[in-house]
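Quick note on labels: first sequence line is chain A, next is B, and so on, each numbered from 1. Because the structure is predicted, anything quoted here is derived from the model rather than measured.
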Amino acid sequence: MSERPSPIALHKQLEAIWSTPPGLARLSSVNHTILGKRFMALALCFFGIGGLLSMLIRAQMATPDSAFLGPDIYNQVFTMHGTVMMFLFAIPMFEGFAIYMLPKMLGARDLAFPRLTAYGFWCYLFGGSILIVAMLAGVAPNGGWFMYTPLSSKPYTPGINADVWLLGITFVEISAVTAAVELFVTILKMRAPGMALSRMPLFAWYMLVTAGMMIIGFPPLILGSILLELERAFDLPFFDPTRGGDPLLWQHLFWLFGHPEVYIIFLPAAGALSTIIPVFAQRPILGYRAIIAAIVAMAFLSFGLWVHHMFTVGIPHLALAFFSAASALVAIPTAVQIFAWIGTLASGKPRWDIPMLYVAGFFIVFVIGGLTGVMLAMVPFNTQAHDSYFVVAHLHYVLVGGFVFPMLAAIYYWLPHISGRQSLYRLSIPAFWLILIGFNLTFFLMHLTGLMGMPRRISTYPSNWGWDWLNLLSSVGGFVLTMGFALVLADMVLQFRFGARFRRDPWRAGTLEWATATPPPSYNLASIPHIEARADQLQPALIGPTLAGGQGYLGFARAGEQETLGVNMVTGAVEHLITLPRRSYLPLSTALATASFFLALLFRLYWLAPIGALVTLGLFLVWPVSLGEKRDKGPIDIGRGVSVPPDAEAADNVTVLANRTALAMNATLFASLLFGGLFLLVVAPNWQDTGAAQVPLWAAALAILAAMSGAALAARARQGNARGGTTHLDLILAVLAQLAAMATTIAAVLWLDDPTGHAREAVPFVVLGYAGLHCGLGAVMSAHAFWRLTRGYISARRQTEMVLAALWNGYAAGAVILAFGLTGILAMGGAMP
Amino acid sequence: MTAMTAILSHPLVRLIAGFVVWSVAFVVLYAAQALGCAYGWGDWHRPILWLLFLLALVPMAWLALLGPRHDHQHALNMAAVWTNRAALLAAVLIFLPVTFASLCQ
């Protein structure tokens, strides 16, 4: 490392380490640039499918008494349109964008867990394919994209349509869950040295908050889907009011996810706007600190207004007032951001280019959507407009204004980064006007159609109700809009084919992604910079060549290892050297095993499902086999005269943080389950005089004692290992204790009465099952630590597996205590007169 | 208070502290409203909600009155000050209906 190679030689050395070979080996890629592009390309394919479905909807609604699609097909078409656009386009599109962009913007060479990125992509592809194949086979979901019960319950949707939604979407959401964890960890731990949180570009702040929201927001949806599938497959009555369930529980769980979801989609788009607008205003963003405060406020408030989707179900005035006030108040942090963007443009020297056209379109469309949102936050108006086309208009103004227009601005801004070529412009301007005019013609009129009383989801309407011309014009607008999108697609293809090449930073931007070559190499940056200013006010065109010459950190290739840096979460001080795993077919094979689990459930091959789950778990246990070190290395040179320990020897490394994050997400799911049980006890009908507890007290006490012993032993093993002691026996005893806890918990489940009889039995059935499963996982984690210990991968400094065993066993003990606690409360509550 | 101050020395914790308290208060107030209606708390219902409302405001007011820490994370510290003040404002406006709105109808 004493002699620095030439930039070309360094490029070749790093490319040999980081690149993915052509041919079938592409299936083994774990590189974030490749996977980010795959995510975005696939999301755009689904956007095309969703767009075609919208054309079918508008063809059907163009004229009264239309016989173009029958009601059965129409139900599938509008359900799939919403489902595809929300779950298969919007979420994966911004995930893919963040996966591609964040490491480059932060100065890292990849995400924290490259194989997890690949696994998430395959889950997205396979899960999305299940939905599309089902649609082609004529058995697509048909109960609306939010799948309300009892319509989607077994008696009213007896086919597999609803199962396709529940299982397919849950499969796809694995990609959202994995993306959330690794984006969260990457942003906090893998920035360029010196990039303190207070220097981080706003896009990274937006994505940090978005990842946090996904960690809290997605588990209620996943839980709701599991419970509804359990009801449909095994007749456990969570949503059946005749047996102690309540259809409103589904609405609570769905909208606990569903409303924050709007902001989860909007915030990444707002992050893109906060990056693009200062570049074209030619001045730093106004109100950096106020925007951070606004994002945090928006994230929390968005979780406090889910019931505004349920204003008409019969809720006391006080609860209505809570949610109405929160719904109106969330407009304030939104407005802070909008005024910051307007102020930035007003106080800068704006130059117009294609991305700015879409920024202007965003302002117009999103502000209208926001204002109708405040209207709908008011309970009396909401009651009138509920389930009408006014709501359809509002949600399209918010989602298209808040996501699609910024996405188009982002495509025109960052596509040159992907393609290495500049836009041709000839099609870009007519495409923008077609989209803006087509969109407003389609959806502005729907406000009027809705105010004239037209309900959403009807497949046709009579000709004498005054809706004819509005619907016809909306359909015309829809086709104009589609032409605009077709031109954008053509424009993108032409840019890749005929666009003029450029070197670096065509927009004179201030963020680090433009310091890479374009298209970017597989390793992003040949060396990692030290950041000494706010990371949205850099000079990438000057930094880029310096970094390409290897003058930053890690400006060399070492022993074929994929190396990047870990930093202090707050200060950005460099703390450890992260060695990332190389390409592998394990993510693909694990996703195939996961697919077998979901397909077995879909086709009711219940004997096959546990095998699929066990193979998936087994493959996950193979993932770390090739990782780790059998000796303590101590500080390692990273260039610029600095040496840091490897990641495995750092106490607070990315693996530990990721597991803490995953457990927080898991805890949210469990909390949602506990909430569901208590909700049914307090609110659902038919709970009086349903009997006393069935689970013996001694079984509960034994299970809790065993689980707490397992947790204490795993914690003692961790502490003993940190002191350099022998901990094999503690780990074996921890495994045995958790297995005992699992066996006792499962035995307690068997003591319950028939879980199909009443929710009082069904809820403990699931809660205790969850606790038993986590005791099993605790045992697996202790056994894994024991195995790694015997193989020499663990020492007093290399203690990651010991920390993970302690974490998961502690969580299992907590789950067992709460599960038996809820079981007792439900039993006592059911026995109350 | 020393332990609390130590926890709040982490800038990210300070950034979200006010709204974490707001979230807990939201859940507790909503749950108390539902429990009071389900189990017939009668005349005690509104005083209990009043009490919970005021209890929630105490830590939020304390957080809102904390000035910025003077270290190298100035931007983050100022954002935390504004976020905690926004949380207090949100609590007052959103929870105020416990003092007058119909509880169970």
Notebook entry, point to check: Minimum heavy-atom separation for A/Val682 to B/Ala38, with atom names?
Noted result: CG1-CB, 3.3 Å
Note to self: Report which part of B/Leu12 has an atom under 4.5 Å of a heavy atom belonging to chain A: side chain, backbone, both, or neither.
What the structure shows: side chain
Margin query: Suppose a student defines contact as a heavy atom less than 4.5 Å from any heavy atom of chain A. Which residues in residues 74-84 of chain B would they list?
Written below: B/His74, B/Ala75, B/Leu76, B/Met78, B/Ala79, B/Trp82, B/Thr83
Note to self: Heavy-atom cut-off 4.5 Å, strictly under: side chain, backbone, both or neither for B/Ala90 against chain A?
What the structure shows: both
Next item on the list: Report, by ascending residue number, the residues of residues 95-102 of chain B in heavy-atom contact with chain A at a distance under 4.5 Å; give 'none' if the set is empty.
Entry: B/Phe95, B/Pro97, B/Val98, B/Ala101, B/Ser102
Checklist line | Most contacts with chain A, counted as non-hydrogen pairs under 4.5 angstrom, among B/Val27, B/Val20, B/Leu35 | finding: B/Val20
Check: Which residues, numbered in order, of residues 42-58 of chain B come under 4.5 angstrom of chain A by heavy-atom distance?
Finding: B/Leu49
Check: Of the listed residues (A/Leu329, A/Leu188, A/Ile332, A/Thr571), which shares the most heavy-atom pairs with chain B below a 4.5 Å separation?
Finding: A/Leu329
Next item on the list: Under 4.5 Å, counting heavy-atom pairs only, tell me which of B/Leu89, B/Leu93, B/Leu15 racks up the most with chain A.
Entry: B/Leu15
Margin query: Only pairs of heavy atoms separated by less than 4.5 Å count here; which of A/Ile292, A/Val296, A/Val570 has the most with chain B?
Written below: A/Val570
Item checked: Contact origin within A/Phe322 toward chain B - heavy atom pairs under 4.5 Å -> both
Notebook entry, point to check: What are the two closest non-hydrogen atoms of B/Trp22 and A/Gly304, and how far apart are they?
Noted result: CH2-CA, 4.1 Å
Next item on the list: May I have the step-by-step check of ring-ring contact (aromatic ring centres under 6.0 Å, His included) for B/Tyr30 and A/Phe323, ending in yes or no?
Entry: CA-CA 10 Å; B/Tyr30 191 35; A/Phe323 291 100; 5.2 Å; yes
Notebook entry, point to check: Relative to chain A, which segment of B/Gln33 carries a heavy atom at a distance below 4.5 Å: side chain, backbone, both, or neither?
Noted result: side chain
Next item on the list: Would you mind checking which part of A/Val209 comes under 4.5 Å of any heavy atom in chain B, side chain (CB onward), backbone (N, CA, C, O), both or neither?
Entry: neither
Check: Between A/Ala325, A/Ala299, A/Ala293, A/Ser324, which has the largest tally of heavy atom pairs under 4.5 Å with chain B?
Finding: A/Ala293
Note to self: Going by disulfide (SG to SG under 2.5 Å), name the pairs with one or both residues in residues 21-105 of chain B, residues two or more places apart or in two chains.
What the structure shows: B/Cys37-B/Cys104
Note to self: I'd like to verify something: which residue of A/Val683, A/Leu301, A/Leu678 has the highest number of heavy-atom pairs under 4.5 Å with chain B?
What the structure shows: A/Leu301
Checklist line | Which portion of A/Ile291 sits near chain B, non-hydrogen atoms under 4.5 angstrom | finding: neither
Notebook entry, point to check: In terms of heavy-atom proximity below 4.5 Å to chain B, should A/Leu197 be classed as side chain, backbone, both, or neither?
Noted result: both
